[in-house]
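Since this is a predicted model, take the numbers as computed values, not measurements. Below, chains carry the letters A, B, ... as their sequence lines are ordered, and counting in each starts from 1.
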Amino acid sequence: MPATKTAPPAKQTVSHAQSHPLLSLWNAYYESTSTRLKTIDAFLVFLVLSGVIQFLYCILVSNFPFNAFLAGCVGQFVLAASLRAQVNPANRSEFKEVSPERAFADFALGSIVLHFFVYNFLG
Amino acid sequence: MAVGVFSWFLLALVVVGTHAATLTLQSPRITISSSDASQLRSEPLSLAHKPSPPLSLGPSDVLKLTFQVVDKDDGKGVQPHQTFLRFFDEKTGEEGIQPVKVTPGGKAKFELNMARPPSSLPPSATDPLKVSLYIGSFVHPPVQYELFDLVVPPSQPPAQHPEEVHFHVRPEIQHTFRPDQKLPPKVISAFFTLLLAAPWVVLLGLWAHVRPQVPYLFSPSILPFVASLAVFEALLVQYWVALRLGQVLFYAAILAIPTALTGQRALAALGERRLGKSSK
Amino acid sequence: MPLAYSLPSNLSPATVTNTSSLLRIIALSLISGAAIASRLFAVINFESIIHEFDPWFNYRATRVLAEKGFYEFWNWFDPTAWYPLGRVVGGTIYPGLMATSGVIYNVLHALHLPVDIRNICVLLAPGFSALTAWSTYMFTKEMKDESAGLLAAAFIGIAPGYISRSVAGSYDNEAIAIFLLMFTFYCWIKALKTGSAFFGTLTALFYFYMVAAWGGYAFITNMIPLHALALVLMGRFSSRLYVAYSSWYAIGTLASMQVPFVGFQPVRTSEHMAALGVFGLLQIVAFAELVRAHVSSKQFQSILYGSVIAIAVLGALAFGGLTYKGWIAPWTGRFYSLWDTGYAKKYIPIIASVSEHQPTAWPSFFMDLQFLIFLFPAGVVLCFRELRDEHVFVIIYAVVASYFAGVMVRLMLTLTPVVCVAAAVAFSSLLDTYLDPAEPAVSEAAALSAEADIAADSPASTSAAGTGAAASGTSKKAKKAASADSSSSGFGSGLAAAFSNKSDKSRGIFGLDTRSLVIANALGMLLFFVLHCTYVTQHIIDDFREAYYWLRQNTPKDAVVMSWWDYGYQIAGMADRPTLVDNNTWNNTHIATVGKAMSSSEEVAYPILRKHDVDYVLVIFGGLIGYSGDDINKFLWMVRIAQGVWPDEIQEPNYFTQKGEYRIDDAAPPAMKNSLMYKMSYYRFADLFGGNQAIDRVRGQQVPKTGPTLDHLEEAFTSENWIVRIYQVKKEDPLGRDLKSANAFEQGKKRKKSKPLVRRKAVV
Amino acid sequence: MTIFHRQRSQGMRFLRGLLLPLVALAGFAFARSSTGDSVLVLLDPSLDRDNFSIFFGDLEKQGYKLTFRSPKEAEPQIIKDDVAQFAHVIVFAPDTKSYAADITPQSLVSLLNKNTNLLLALSTKQTPITSLAAEFSLILPPPGTPLISHFPERDTPATIIPVEPPRAQSLVSSNLAPIWFSGVPQALGNNPMLVPFLKAPPQSFASDGDSDSGSDALVEAAEKGGEGLWAGSQLSLVTGFQTLKNARATWVGGIDMFTDEFFNKEVSKGKQSGNRQFARDVTAWTFQESNVLRIDTVEHHRVNETLPRETYTINDRVTYTAYISKFNPELDLWEPYSNIKDMQLEFTMLDPHIRTALPPVPGEPGKYSVTFRVPDRHGVFKFVVDYKRKGSTYLESTTVVPVVPPRHDEYPRFLSAAWPYYAGAISTSAAFVIFVALWLGGDEREPKKGKGAKAE
């Protein structure tokens, strides 16, 4: 969900007026975020987009066996978001026991388990 | 059966005349009156041919039949042993026999009140009941007359035994199947499938923009882990395509070990690098 | 600082820790041993068999799993259940239990340990009770410390409320469900504390196991979101919460949908919507937090919050709309009956007719939990003293569970663990206080305040001691606490405790005497508790088995047996014969059909029996030896359920006398006397008393001298104590007569002369 | 209904092939019952066996072994330790009031249930047999009222009646001469198992009168309160009855029609009565020679399979086949029989979900087959053949077969409708892998001034 908000500005940057709050937000974000976090954010955007497309398909065309895939996208999204939260240096204080590596291990494990269920559900 | 009876009747007629005198009817007459006693129809009966149109009774009408049984020779009234009216429905084969009371003088009067029909009246459908008169006696030769056709209001079909239905062909039964759920046109599905390439454009675009360096990707510590994770994903896809649950769990268990080891190494390496950085 | 008693000083810290951990392990294993042993009485006293009703089905299903393998089990269509509808077993059960024993079975056989699947089933529950004890220990450890954990483990290990559901041979979902419940909660707390997605995933996996094992999983599905929501509202949102919850929900939900019986419910039914909503909320809040990290302008944040709230409202509206449009199924009946105890009786008699779904009687709280019920509120209060996230969880759990336990007997089970945890916390803090050798500094102020403290402590200490004058007061207090909501009273005293706590450091107890007294009392209580726990009720009346084996031996394999649904699983399991209805009450109409057959006259019932190919009818009759759980006592439920479907053919009032009494003697109303159930129960009953007045020992009423007669059924078997009576359904008469006159002919009755039929019937 | 094996009936066809020429040689119409040859005749002493010499002689010529016993004798018993001792029992004791202990209405009924056939003679007397008749939904006139008819005029008393044999009735051989009858008529209940062989003439009626003065009595009898009037062609004189278990019982209104006297009595100049042939036809039916059918075997399997399935899946196409043969009394063997045109098959769970015609397969004698689609409703279904027609053996067969939903792996996969979802899942995992690569391969480089900003 965060990424949905962050994504549109990515396209607006050039066109819009400087004073726009979203724009300021965008700049703040752009400056103060490390490449790695941005990498994640890009991934998040991707997931959201695929999720949205599938959701549209499910609503517009056929909702036949949809839950698995939404769950797939959403699940992957939140896992990635969690990873982002955990490795975000800003949150060091919160995650004393979770080093970025540990976080990533968790992330990998979670994703594998998730994908297992997703494919199991594909039927 | 009727035919046969009739042949016997003829045969009987041949024999007639040898001894006791035959019987006949005198002044047979029918009267139909409605419930309020107003006469609807009244006429003498000829024994030769039936009256037409056939008599017909409404649900509350009353049919009155009067005649006298007399000896053909001396015309004296006779009380025969059997004076039966037969109501017969040729279509259904239903039959009812109704004795008629005859006075010793041979006078006979029969009343059929449709409001309270006698139990002998058979169940009737649309077509008329043939009404015939049987006169039988121990002394006189028997005679029978086809009196008239009678149309009575239809009645309910007679009560059925529970087993009865099994003795006839029964109506066919078709099962109505659920319509099998229809798939959307392949084109649309295909279109959306292709649409899923769009996020890739975005993703690659963004990554191109962010331009993350991957200096260590091919370092011996990292690559194996990435590879094993990739294999894992491959396994899962394969599971969807072909494998059964048991198999996939088995392979996964095997695969988990190297993944765990390589992961250990990779992350350890990663950690060192990070700490190295922060210490700098 | 002075000590009440001297401590050995020459021990290195390492030694202490090692010994303590060793002791802990020993203690835990002892506890597990005790937990298992206390559940084996049944097996030792009798032989190793399955009892109750549902376990018989689970056992059957497990056999199929063990013999035919997982996929066959998954696709198992049982043609002998719900004859002739059959039952798609794979899609209508929680396979967790069977899967578990199946795995154990296969593992053992892989190790060349040829164990009979039945023994696995019988011993599964005790085995898992040990695991439950362990998981409770882990859970409580997170709440307070190891010692509390040990106490909790001990409590749960022998708490009657749990034993009763997990003795050897009661092979039911609950047997493993409680362990899963506690362990899932433990993982959740752990995930929340550390904020690691690993524990989140673990939570999800065990949640999945739970979903696969027990319908009660909905409890977790709503407890965790509730907890999360509470934390958010308390302004305790943290990325840890986000990580823990998101990873749990995303994976757990998807996983739960793999269970065929659950299917798409998690995204379709209202019971699961809370979780979804909180999930959404967390995403929003997380995003808000993220943005705030980047921006600082105040008015912008206010806008942000505005939008957040707006989104939340929209979400709520959408939910309402979807429910209205039927996209999301509204609450199910079972769920309503949790809020309105009268609801079930009115609208879903089947659910109400299950004894387990009745509201709990107060004594059973004490019977099941004994003195833990007094400690429970105290424990909750202590949770308030240091209100960490996990304590919030326990508090919510306590409130919710104690409400539900009050509504439904079977939900006592979900209450038991939290009671044990809370009680353990309270008890151990009591012990801490009174075992702590350190004596407070002797100064007026301190002394005074110390007095105050002890007073403040009283809910914990004296209720534990529970003796003398203090006891009465406390037990009253405890009762009040236990009633409806324990939180409010708990809350008050909780604050008091918190204040007194702040006042000063040097709190403690003087001298050995008080200590020894209190400790002795406490231990006394523990002993009584143990004594209370060690008697396990055990009733198997052999008539049942006698009858079921008769069926097995003397009837053809495909003979259909009709009985009230309570006995369906047993007949299927023990007699191995097809049944019309059983304890898996999925088809109301079918049950109502049986109810109708039982409660209407022979002439009406016979066509129903024939239509369903019923060969034998089985009734339970306690009138002779006074077995009160018999069908005549359940009869009204049959009538009610039948009435629900055929309101104009069956009416409950007809089965009562004018005075509205439920009678089976001469005064019984005709509808009662003609009902198949009555006839089958009392057929030949009066003859048994050889002319003397026949008495029904359950109803305590006099049975009419001339008993009922049967034309369409004939008695096939009656068990020794007349508890089980089996009747055979006659076939149609070969001469096409109605069975009544056929029977009359057999008994040599003359039939009266008749006239030729009058065939004409006027159309009306 | 015993179901024989297919092979058996095939064997029979072969056997028949052998027998046919032999029988042709023998050339003497000689018929066998399908259920056995032993016949017990309960003959009342008051009746002289010689009066029935032709009737019994014919039976023996058929190959029946007759055992005679007077009703009062104890031996030979009809049922010995619950086993019927004879294939057929003739009860020619119309006036007998008391029987030996083993013969009661109940025991006679139980005989029927043991598939023994009965031929019972009635009379105007009130006897245990008359009371038994009521159980077969025969309604007898009051005691002492025989059937009389004044038609046609003839020289025999009114109680001895020449009855026109039924036309167009498969059970009795066609164009018989009229049949002499003397005895009691039976009014029929609405029981469909009754098979009237000989209907009373329409002019006839039951009466105890012997002079014309009795007419008033008849009128009163017919009135509502009266004892009822037995008159007309709805009455039956000789009535067959086939129980649900296919045993046959025939009720004869009067025993005289089997006497030599009636056999030889002329109905018109030089025209023998039809009694003898009629008696033959009646016994042939009663003793299960004529109109005896059976289902040899039934089969069911999925289309283009051969073996039956334990269970069928919904929407399967299933073929059901029944093999039916008819007993041929001349050759004493079962022949495949294809002349049933109106048989039906039901596929039933609680109610029939499908009821369809089960027609004979042309070119394959005795084979009836139909193919249909199993309903999309799972449950325990039954193939039910329930063919009941007056006069011929009831054909009943029930085969239970569960219909199950598709297995988890029988549902269609890779549906076009789900393509986007498949693609979504796959692209997600692909992206995941790449992301992992990027991440692990990547380097932790903190942005220059980021940290201070974020650690608020």
If you count heavy atoms of other groups shown closer than 6.0 angstrom to [atom1] of [X], is the number above 12?
X	atom1	answer
D/E227	CD	no
C/Q747	CD	yes
C/K731	NZ	yes
D/K97	NZ	yes

Could you give the distance from [atom1] ([X]) to [atom2] ([Y]), rounded to the nearest 0.5 Å?
X	Y	atom1	atom2	answer
D/D409	C/N75	CG	CG	6.5 Å
D/L350	C/K611	CG	NZ	5.5 Å
C/L757	D/L188	CG	CG	9.0 Å

**Prompt:** For D/P402 and C/F77, which heavy atoms make the closest approach, and how far apart are they?
**Reply:**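 Minimum heavy-atom contact is CB-CE2, 4.3 Å.
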**Request:** Could you pull out the closest heavy-atom pair between D/I139 and C/P756, with the gap in Å?
**Result:**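 Scanning both residues completely, I find the closest heavy atoms to be CG2-N, 4.0 Å.
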Heavy-atom distances under 4.5 Å only: say whether [X] touches chain C with side chain, backbone, both or neither.
X	answer
D/F381	neither
D/P105	both
D/L235	neither

**Prompt:** Do you know which of C/G736, C/G86, C/P734 has the most heavy-atom pairs with chain D at a distance under 4.5 angstrom?
**Reply:**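 If we count pairs closer than 4.5 Å to chain D, C/P734 comes out on top.
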**Message:** Heavy-atom pairs under 4.5 Å with chain D: which of C/K755, C/R759, C/E746 has the most?
**Reply:** C/K755
Selection from [options] maximising heavy-atom pairs under 4.5 Å formed with chain C:
options	value
D/P406, D/G226, D/S110	D/G226
D/N190, D/L132, D/D351	D/D351
D/Q186, D/Q234, D/H378	D/H378

**Asked** Parallel, tilted or perpendicular: which fits the ring planes of D/H408 and C/W74, with parallel below 30° and perpendicular above 60°?
**Response** parallel
**Message:** Could you check whether any side-chain N or O of D/Q106 sits under 3.5 Å from a backbone N or O of C/F745, counting only pairs where one atom can act as donor and the other as acceptor?
**Reply:**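 The answer is yes, because a donor-acceptor pair under 3.5 Å joins these two groups.
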**Message:** If we ignore hydrogens and angles and just use 3.5 Å, is the side chain of C/K750 paired with the main-chain N or O of D/S131 as donor and acceptor?
**Reply:** no
**Request:** State which residue, out of D/V401, D/T311, D/V380, fulfils the side-chain contact (heavy atoms from CB on, under 4.5 Å) condition with C/P79.
**Result:**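 Exactly one candidate clears the test, D/V380.
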**Request:** Take C/L85 and D/R377, measure what side chain to side chain contact (heavy atoms under 4.5 Å, CB included) needs, and give me the verdict at the end.
**Result:** CA-CA 9 Å; C/L85 304 178; D/R377 168 112 191 261; 3.8 Å; yes
**Item:** Check against side chain to side chain contact (heavy atoms under 4.5 Å, CB included), D/V109 and C/L735
**Value:** CA-CA 9 Å; D/V109 170; C/L735 299 187; 4.2 Å; yes
**Request:** Output, in order, the C-alpha distance, side-chain angles, deciding distance and verdict of salt bridge (Lys or Arg N to Asp or Glu O under 4.0 Å) for D/R407 and C/E72.
**Result:** CA-CA 9 Å; D/R407 292 174 56 87; C/E72 283 313 309; 3.1 Å; yes
**Request:** Go through the atoms of C/D613 and report whether side chain, backbone, both or neither lie under 4.5 Å from a heavy atom of chain D.
**Result:** side chain
**Prompt:** Does any heavy atom of chain D fall under 4.5 Å from the side chain of C/Y83, the backbone, both, or neither of them?
**Reply:**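 Just its side chain gets close to chain D.
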